[in-house]
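Structure record follows, encoded as structure tokens.
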Amino acid sequence: MDDKDENKTINGGERKHYGKGGGRRESERGGKKRYDGERKNYGDKKRFDGKDKNYGGKKQYGSESGRHEFKRDDDLQPEEKKPTAKVMLRLDVKDVVKSGEEPKPYVPPETTDGNEFPKVLYEDNHILVVIKPQNIPSQADSSGDPDFLTELKKYLIEKYDKKGDAYLGLLHRLDRPTGGVMVFAKTSKAAGRLSEQIRAGEFEKSYAAVTSGRPNRTGKVEHYLLKDVQTNTVSVAPSTMEGVKLAASEVTVLDEKDGMSLVAVKLITGRTHQVRVQLKALGAPIVGDYKYAGNKLIKSNNLALWAYRLVFTHPVSGDVMRFVAQPPEEFPWSEFDTDVLIDTVRPITHGHYN
């Protein structure tokens, strides 16, 4: 389009052509007026008395010169913005997060054997192995609710009549709605050595879950997961997407009943919400998972996910420590014989399984 055309388009909009002077009126240049149409009055009192023209962006008429100042694409109307690249997820692995009622907040109960909270499986001068109840954060978070780490420090202060704070190293975490076996370090030396085991992949964590339906794959499964820190949700994403992390687990189906499955999951990697999102991606979301189950939700008072087995090397003695904790005796666990989670029930020696 040449300079003789009556109208020109900018970002999809239309503007008046005032000649070759960059769109400025002749009155501003002091030259002869070239535009032969009706002239608009841009004075102080009346800046625009005609039909509004679309300049492809927001106009500002408040300047002394009366010039139009154009905004960039960021300020265009949605239908005028340039299209952006989109990444399409495969339908068979796309994760859909639906809102729903979350389980009730945690209230410290008495344990079933009559002992007060917390339930301690093993303790010496270096480590503390306990069962984390469900619906309590592993450590303090933005909710401001009581957290497990702080409660355990209170336990140590009271038990040993400590003055001030007690040292307790948090080595790994369980999601708020997940319960089960956790180990804490009572000294910085123990914390360093156990942390090194975790980095080296020598720290074995296994979960039990009751799922809606049967996972469509078993054995070693891998997915790439992307975390949304603002919503605290995780989804399966293409391996080429920026920010994804590989998640790997070993999945075993132990029993099936009434459209549910008892599943054991051994972690190879440790990602946020890993077990929940991977089982969802396998077509079998966890019972009671209001965040990820979507329209396959089977309601339950608690999330049916339990850290039932923990294996590591003692940071000082070098002994192999194995701990097993059965899931709660409530629905949906009560629908299955959870003894199958333990290969062989052996007598406890020094507080842990040989």
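If you're wondering where the values come from, they're calculated on a predicted model, not measured in any experiment.
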Test log, rule salt bridge (charged side-chain N to carboxylate O under 4.0 Å, His left out), inputs Lys280 and Asp289: CA-CA 10 Å; Lys280 161 69 176 181; Asp289 196 341; over 6 Å; no
Ser334 vs Glu329, side chain to side chain donor-acceptor pair (under 3.5 Å): CA-CA, chis, key distance, verdict: CA-CA 6 Å; Ser334 56; Glu329 296 180 0; over 6 Å; no
Verdict with supporting geometry, Asp141 and Ser143, side chain to side chain donor-acceptor pair (under 3.5 Å): CA-CA 5 Å; Asp141 59 18; Ser143 70; 2.5 Å; yes
Candidate pair Lys291 and Leu303, rule side-chain contact (heavy atoms from CB on, under 4.5 Å), full reasoning: CA-CA 10 Å; Lys291 180 171 288 189; Leu303 178 70; over 6 Å; no
Steps toward side-chain contact (heavy atoms from CB on, under 4.5 Å) verdict (Val253, Arg214): CA-CA 8 Å; Val253 176; Arg214 178 188 175 94; 3.4 Å; yes
Trace of the side chain to side chain donor-acceptor pair (under 3.5 Å) decision for Asn302 with Glu330: CA-CA 9 Å; Asn302 292 299; Glu330 62 182 30; 3.1 Å; yes
Steps toward salt bridge (charged side-chain N to carboxylate O under 4.0 Å, His left out) verdict (Glu151, Lys153): CA-CA 5 Å; Glu151 295 299 315; Lys153 286 184 177 182; over 6 Å; no
side-chain contact (heavy atoms from CB on, under 4.5 Å) between Tyr122 and Phe323, worked out: CA-CA 9 Å; Tyr122 177 83; Phe323 297 91; 3.5 Å; yes
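A pairwise comparison of heavy atoms in Val234 and Val277 identifies O-CG2, 3.6 Å as the closest pair. Minimum heavy-atom separation, Thr178 to Ala307: CG2-N, 4.4 Å. Shortest non-hydrogen contact noted between Val183 and Leu171 is O-CD1, 3.8 Å. Nearest heavy atoms, Tyr308 versus Ala264: OH-CB, 4.1 Å. The shortest heavy-atom contact between Ile136 and Asp147 is CD1-C, 3.7 Å. What you find for Asp337 and Leu262 is that their closest heavy atoms are O-CD2, 4.2 Å.
Looking at heavy atoms from C-beta onward, Leu279 lies in side-chain contact with Pro215 at the 4.5 angstrom threshold. Between Ile127 and Pro315, the closest side-chain pair of non-hydrogen atoms falls below 4.5 Å. In this structure the side chain of Val210 reaches within 4.5 angstrom of the side chain of Trp333, judged on heavy atoms. Using a 4.5 Å heavy-atom cutoff, the side chains of Val244 and Lys227 are not in contact. Contact annotation: the side chain of Tyr155 never approaches that of Val130 to less than 4.5 Å [non-hydrogen atoms, C-beta and beyond]. Here the side chains of Asp255 and Val340 are not in contact, with every heavy-atom distance at 4.5 Å or above. Within the 4.5 Å cutoff, no side-chain heavy atoms of Gln134 are placed close to those of Leu174. The closest side-chain heavy-atom distance from Leu310 to Glu204 is not below 4.5 Å.
At most 12 non-hydrogen atoms from other residues, nucleotides or ligands lie less than 6.0 angstrom from NZ of Lys245. Atom CD of Glu242 has 12 or fewer neighbouring heavy atoms from other residues, nucleotides or ligands inside a 6.0 Å radius. Enclosure of atom NZ in Lys266 is not indicated, since only 12 or fewer non-hydrogen atoms of other residues, nucleotides or ligands lie within 6.0 angstrom.
At distances below 3.5 Å, not a single donor-acceptor pair connects side-chain atoms of Glu250 with backbone N or O atoms of Val265. Under the 3.5 Å distance criterion, the side-chain polar atoms of Thr211 are matched with a main-chain donor or acceptor of Gly213. In this structure a side-chain-to-backbone donor-acceptor pair under 3.5 Å is missing from His223 to Leu225. Between the side chain of Thr233 and the backbone N or O of Asp228 there is no donor-acceptor pair closer than 3.5 Å. Counting only distance, with no hydrogens or angles, the side chain of Ser261 and the backbone of Val263 share no donor-acceptor pair below 3.5 Å. Side-chain atoms of Thr313 never come within 3.5 Å of backbone atoms of Asp319 as a donor-acceptor pair (strictly under, hydrogens ignored). With hydrogens and angles disregarded, a donor-acceptor distance shorter than 3.5 Å links the side chain of Arg271 to the backbone of Leu246. Between the side chain of Lys119 and the backbone N or O of Lys132, no donor-acceptor pair lies under 3.5 Å. A side-chain donor-acceptor contact under 3.5 Å links Gln274 to the backbone of Thr269.
To the nearest 0.5 Å, the span separating CD on Gln278 from OG on Ser249 amounts to 3.5 Å. For the atom pair Leu149 CG and Ser138 OG, the distance stands at 9.0 Å (nearest 0.5 Å). Residue Ser300 holds its OG atom at 7.0 Å from OH of Tyr290, rounded to the nearest 0.5 Å. To the nearest 0.5 Å, atoms CD1 (Ile298) and CE (Met260) are separated by 5.5 Å. Taking CZ of Arg322 as the reference point, atom CZ of Arg309 lies at 6.5 Å (rounded to 0.5 Å). Atom CD of residue Glu202 and atom CG of residue Leu194 lie 11.0 Å apart, to the nearest 0.5 angstrom.
Side-chain heavy atoms closer than 4.5 Å link hydrophobic residues (I, L, V, M, F, W, Y) into clusters, and following such links, even through other members, never connects Val221 to Ile268. Using a 4.5 Å cut-off between side-chain heavy atoms of Ile, Leu, Val, Met, Phe, Trp and Tyr, with links allowed through other members, Phe117 and Leu156 fall into the same hydrophobic cluster. Residues Tyr167 and Val129 are members of separate hydrophobic clusters, defined by side-chain heavy-atom contacts under 4.5 angstrom among Ile, Leu, Val, Met, Phe, Trp and Tyr. When the side chains of ILVMFWY residues are joined at heavy-atom separations under 4.5 Å, either directly or via intervening members, Leu168 and Tyr160 end up in a single hydrophobic cluster. Val316 and Ile198 fall into different hydrophobic clusters, where Ile, Leu, Val, Met, Phe, Trp and Tyr residues are linked whenever their side-chain heavy atoms come under 4.5 Å apart, directly or through other members.
With sequence neighbours excluded, the residues that form a ring-ring contact (aromatic ring centres under 6.0 Å, His included) with Phe203 are His172, Phe312.
Counting only residues at least two apart or in different chains, ring-ring contact (aromatic ring centres under 6.0 Å, His included) contacts with residues 232-288 comprise His273-Tyr292.
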Name the atoms and distances for all side-chain donor-acceptor pairs under 3.5 Å in residues 184-191, with sequence neighbours left out.
residue	atom	partner	partner atom	Å
Lys186	NZ	Glu123	OE2	2.9
Lys186	NZ	Asp124	O	3.0
Thr187	OG1	Ala190	N	3.1

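Tested against Arg176 for a side chain to side chain donor-acceptor pair (under 3.5 Å), the candidates Asn232, Asp145, Asn135 yield a single pass: Asp145.
With salt bridges taken as basic N to acidic carboxylate O contacts below 4.0 Å, none links Arg193 and Glu196.
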